[in-house]
Amino acid sequence: MSEMPARGASAPVRPSVIQLVFREKNALYAAYVPLLADGGLFVPTAREYQLGDDIYLLLSLPDDPQRYPVAGKVAWITPANASGGRTQGVGVKFPPDEKTRLVKLKIEETLGTMISSSKPTQTI
């Protein structure tokens with residue numbers, strides 16, 4: 001006989017999984033957040049999030065066939081109809097682990113000198 005979960009019992013909340021594909025360096029530049037110590041990315045989404053929510057990213061970088069998994073947290077939220085015509089979405093802060101540090105280095109290597117550009121971005 002199989003057991004049924006008690007009424008009202010809920011499964012633990014699983015982090016959402018978002019595939020984030022960057023085909024061009026300009027798009028990656030606009031989303032990357034070098035100000036965060038461990039790095040981070042802006043993720044355009046209409047889904048509702050709270051600060052600190054877990055988000056699991058499957059990240060694809062320009063000219064790189066590999067996908068990089070990143071278990072991040074929501075660090076800021078850009079609401080719908082934000083000032084300056086900014087895109088709705090969330091900023092995802094990378095965790096301080098070695099695997100993600102290598103992803104941050106890969107992003108910065110991909111961006112090269114663009115990283116010090118003064119062009120506006122989608123980030124904070």
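Computed from a predicted structure; not experimentally measured.
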CG-CG distance between N26 and L111, expressed to the nearest 0.5 angstrom: 9.5 Å

Atom of Q50, atom of V74 and distance for their closest heavy-atom approach: O-CB, 3.5 Å

Closest approach of K25 to T110 (non-hydrogen atoms, all atoms of both residues): CE-O, 3.2 Å

Qualifying residue, where the test is side chain to side chain contact (heavy atoms under 4.5 Å, CB included) with I18 and the options are V90, I55, V70: I55

Test side chain to side chain contact (heavy atoms under 4.5 Å, CB included) applied to I107 and L61, step by step: CA-CA 7 Å; I107 290 170; L61 300 175; 3.9 Å; yes

Heavy-atom side-chain proximity of W76 to V33 below 4.5 angstrom: yes

Minimum-distance pair of heavy atoms, taken over all atoms of G72 and V92: CA-CG1, 3.7 Å

E48, CD: over 12 other non-hydrogen atoms inside 6.0 angstrom: no

CG-OG1 distance between L57 and T100, expressed to the nearest 0.5 angstrom: 9.5 Å

L36 vs F94 side-chain heavy atoms within contact, under 4.5 Å: no

Minimum heavy-atom distance P96-D38, with the two atoms named: CB-OD2, 3.4 Å

Any L58 side-chain heavy atom under 4.5 Å of V17 side chain: yes

Reported CZ-to-CG distance for the pair F22 and L59, which is rounded to 0.5 angstrom: 6.0 Å

Heavy-atom closest contact (A80 atom, Q88 atom, distance): CB-OE1, 3.4 Å

Rounded distance [0.5 Å steps], CD1 in I77 versus CG in L51: 4.5 Å

Residue pair P62 / E24, side-chain heavy-atom distance below 4.5 Å: no

Point-to-point distance, once rounded to the nearest 0.5 Å, from CZ of R23 to CG of D63: 11.5 Å

Over 12 non-hydrogen atoms of neighbours within 6.0 angstrom of NZ in K104: yes

Close side-chain approach of L28 and M114, heavy atoms under 4.5 Å: no

Closest contact, heavy atoms only, F42 versus L20: O-CD2, 4.3 Å

Test item: V103 and K99 side chains (from C-beta on) under 4.5 Å apart, heavy atoms: no

Note, L41 side chain near Y32 side chain (heavy atom, < 4.5 Å): yes

